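Data first, discussion second: the structure below is written as structure tokens.
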Amino acid sequence: MVKAKTIIKNAPKIKPKVAFYGITGCAGCLLSVLFNEDEILDLIELIDLKAFPFIKEVNVEEKYDYVFIEGLVASKEDLEEVKRLRENATFVVSLGACACTGCIPAYRNFTLKENYEHLLYKKVEDLEDVQPTPVDMHIKVDHYIPGCPPNKKEILTFIRSVLRGKIPIPYSSPVCVECRQNGNECLLDVGKPCLGPITAGGCNSVCINGGLECWGCRGPSKDMNLELMIKILREKGFDDKFIQDRMRTFAGLKLPMLDEVIKHTKEKVGAKNE
Amino acid sequence: MVYRIKRDELNIFLEGFARKNQLVAPLKGKLAKFELVKEEQVKDIYLEKNTYFPAKEFFFKKNETVFTFKDNKIQEPKLETPKRIFFGLRRCDLNAVKHQDKVFMEQIKDPYYMAARENSYLLGFHCWEAPSKYCFCGTLNLADYYDLMFYDKKDYFLVEVGSDKGKELIKEFKTLFEDIDITITKEEKKIKGADRLLKDDIKGLYDHPDWQKGVNQCLSCAACTNLCPTCYCFELHDETKTSNIQEGKRVRNWSSCQVLDFSRVAGEHVFRQKREERFKHRIYHQLEYFKERYGVNMCVGCGRCIQGCPTRIDFVQIINEMK
Ligand code: SF4
Ligand code: SF4
Ligand code: SF4
Ligand code: SF4
Ligand code: SF4
């Protein structure tokens with residue numbers, strides 16, 4: 001976990017040099033930065049925006065204080081890019097689920113090559129199949145802003161915090177904490193496969209507030225009881241294939257123990273729906 | 001002092017409040033909870049069962065701004081609450097208020113809680129019988145703690161006065177209340193089917209292996225503490241503005257002993273790493289530590305933490321079965 005430490009004193013006299021880069025991804029996380037419409041001009045005042053190729057024509061390649069990386073490593077170019085960024089950055093932030101966990105694109109890890117190869121890799125000649133992996137499997141990552149897409153406010157909170165000399169502590173408690181405070185009905189009680197209990201919150205339980213179960217897009221919570229979650233979902237009538245698929249959809253490569261735990265978890269458990 | 005009000009006049013009484021002041025009472029919804037009730041909603045007040053969510057958030061608020069700051073100056077918020085009538089609080093809920101009063105008004109004087117609590121009137125609704133299978137208030141020695149208490153007698157309600165504030169309300173609506181010369185005895189007040197907890201004390205049981213039955217079923221999801229009317233732990237954090245990072249507010253929100261971060265201190269030391277320690281801490285705070293400090297159990301036996309638990313961990317049953 002990241003420790004709070006002083007980065008810049010007397011902020012914002014010295015503006016930190018910041019860059020936003022995207023590798024393989026959908027650009028949704030970069031868009032989340034821009035979705036802060038009301039505050040974006042204030043943000044530009046706070047930082048020295050050196051590079052943001054998604055929206056900027058001129059991008060300065062030099063040493064940065066903070067680099068945000070969206071996307072996962074899925075090609076040779078991605079790999080070179082993250083290495084270059086790491087070398088040039090004091091502090092690297094993985095922005096969004098792909099960067100943090102591998103997310104949906106990492107699903108390729110769990111299926112056989114013959115299931116997908118013909119769809120793309122055989123059609124485009126110079127595309128090489130590199131194992132799709134989150135950023136921290138290749139370079140050291142200093143901070144994570146997870147989510148698909150990430151909470152747009154969390155990006156600004158991070159920047160404001162470092163300017164005040166603090167690295168914010170990532171929200172690690174399960175989604176249920178915010179969900180219950182928001183007064184929601186628990187979706188597990190109505191038989192939906194909600195992954196809130198094993199997922200790190202910080203999203204204000206936005207999906208459940210809207211009636212949809214949590215799919216785990218912010219990645220596993222620090223202290224999840226994975227075995228129990230599996231038992232509960234079985235009790236609700238979901239089979240192991242469904243459970244495995246659902247849990248991997250957004251948690252990507254951050255549940256490496258899943259197969260083992262499913263294998264070793266025998267019974268069902270939990271409350272019957274009332 | 002006991003009064004009587006006719007069944008069909010109760011709504012006139014409550015509508016009178018909703019019109020002039022604020023009325024807070026249970027409404028059904030998907031899950032019953034205490035809400036601000038408008039005059040035309042009085043007929044929808046839900047009294048069949050106790051509420052899923054407690055009334056706690058009206059006094060001990062979620063995400064409350066404790067002060068705002070700009071550069072080096074801080075500004076405290078104006079704390080004013082209009083006169084508020086709470087109706088439909090059960091014996092457990094009333095005692096939960098009593099226990100939070102001890103925490104926020106006796107030992108320390110918490111201005112935010114006190115401001116929210118000050119202008120409120122507590123009107124209880126008696127359970128003749130436990131409305132939920134999770135209830136266990138019966139053996140917890142709950143006290144009479146209300147301004148007025150309503151006892152449902154089918155055609156009418158008996159109304160017991162518990163304070164000067166209660167007396168004042170009766171006076172205000174004196175045409176609706178008939179003074180009758182009876183007392184409601186302790187025996188009559190006894191709630192049927194609520195004597196589930198069979199042990200007075202769990203002091204010597206901390207290392208009992210049976211706790212594991214609960215721990216194994218626990219997700220550390222904090223539904224229990226969030227739904228509990230007595231849990232009072234909170235965290236504080238700052239929210240700043242992008243237009244001026246030295247400007248913003250300090251916010252207090254509910255926190256929970258069930259999550260890892262709760263006991264993390266500077267230097268990244270976490271005092272309750274194990275799920276077992278966290279699970280037991282809640283129950284020991286509710287049934288032991290609070291009693292050592294304040295002389296009463298913190299838990300009021302409302303059973304919400306069991307009803308709301310995704311796996312319905314019944315710690316009462318676990319305790320009862322401990323040999
Ligand atoms: S709906 Fe999901 S996130 Fe909310 S309390 Fe239930 S399990 Fe947790
Ligand atoms: S509720 Fe779950 S799926 Fe939805 S944003 Fe939060 S973590 Fe992601
Ligand atoms: S715990 Fe007791 S007072 Fe509370 S609802 Fe149940 S029976 Fe009524
Ligand atoms: S509600 Fe149940 S599962 Fe969740 S933390 Fe409390 S005891 Fe554990
Ligand atoms: S610990 Fe459970 S039963 Fe006791 S007051 Fe809290 S929610 Fe009610």
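Not measured: the values here are computed from a predicted model. For the numbers below, each heavy atom of this structure counts, side chains included, while hydrogens, waters and symmetry mates do not. Just so we're on the same page: letters track the sequence lines, and every chain starts at 1.
Within 6.0 Å of the CD atom in B/Glu48, the count of heavy atoms belonging to other residues, nucleotides or ligands does not exceed 12. Other residues, nucleotides and ligands contribute over 12 non-hydrogen atoms within 6.0 Å of the NZ atom of A/Lys56. Residue-environment remark: NZ (B/Lys49) stays at or below the threshold of 12 foreign heavy atoms within 6.0 Å. Taking a 6.0 Å sphere around NZ of A/Lys50, one finds it holds more than 12 heavy atoms contributed by other residues, nucleotides or ligands. Other residues, nucleotides and ligands contribute only 12 or fewer heavy atoms inside 6.0 Å of the CD atom of B/Glu76.
Applying the side-chain hydrogen bond (donor to acceptor under 3.5 Å, both in side chains) test to pairs two or more places apart or on separate chains, those with a residue in residues 192-210 of chain A are A/Asn182-A/Asn204, A/Asn182-A/Ser205, A/Asn184-A/Asn209, A/Ser205-A/Asn209.
Per-residue counts of heavy-atom pairs under 4.5 Å with chain B were compared for A/Ser172, A/Gly196, A/Cys186; the largest is that of A/Ser172. Across A/Gln181, A/Met224, A/Met229, the residue that shares the most heavy-atom pairs under 4.5 angstrom with chain B is A/Gln181. Per-residue counts of heavy-atom pairs under 4.5 Å with chain A were compared for B/Asn216, B/Asn226, B/Asp238; the largest is that of B/Asn226. Per-residue counts of heavy-atom pairs under 4.5 Å with chain A were compared for B/Ala222, B/Cys218, B/Gly29; the largest is that of B/Cys218. For the set A/Lys153, A/Arg160, A/Glu185, the count of heavy-atom pairs under 4.5 angstrom toward chain B peaks at A/Arg160.
Interface remark: B/Asn63 contributes no atoms to any contact with chain A (heavy atom separation under 4.5 Å). Only the side chain of A/Pro174 comes within contact range of chain B, with heavy atoms under 4.5 Å apart. Neither the backbone nor the side chain of B/Ile313 has a heavy atom closer than 4.5 Å to any heavy atom of chain A.
Among all heavy-atom pairs drawn from B/Gly308 and A/Arg180, the shortest one is O-NH2, 2.8 Å.
No side-chain donor from either of B/Thr240 and A/Arg164 sits under 3.5 Å from a side-chain acceptor of the other.
For the atom pair A/Asn225 CG and B/Gln217 CD, the distance stands at 9.0 Å (nearest 0.5 Å). Once rounded to the nearest 0.5 Å, the distance linking OG1 of B/Thr242 with CD1 of A/Ile47 reads 10.5 Å.
B/Val259 places none of its side-chain heavy atoms less than 4.5 Å from the side chain of A/Asp223. At a threshold of 4.5 Å between non-hydrogen side-chain atoms, the residues A/Lys222 and B/Asp261 count as touching. Proximity of A/Ile232 to B/Leu219: side-chain heavy atoms (C-beta onward) are separated by under 4.5 Å at one or more points.
When A/Cys176, A/Ser173, A/Ser221 are each tested for a side-chain contact (heavy atoms from CB on, under 4.5 Å) with B/Cys221, only one passes: A/Cys176.
Listed in order of number, the residues of residues 50-60 of chain B that approach chain A to under 4.5 Å between heavy atoms are B/Tyr52, B/Phe53.
Ion pair B/Arg312/A/Asp189 flagged as a salt bridge, since at least one NZ, NE, NH1 or NH2 atom sits closer than 4.0 Å to an Asp/Glu carboxylate oxygen.
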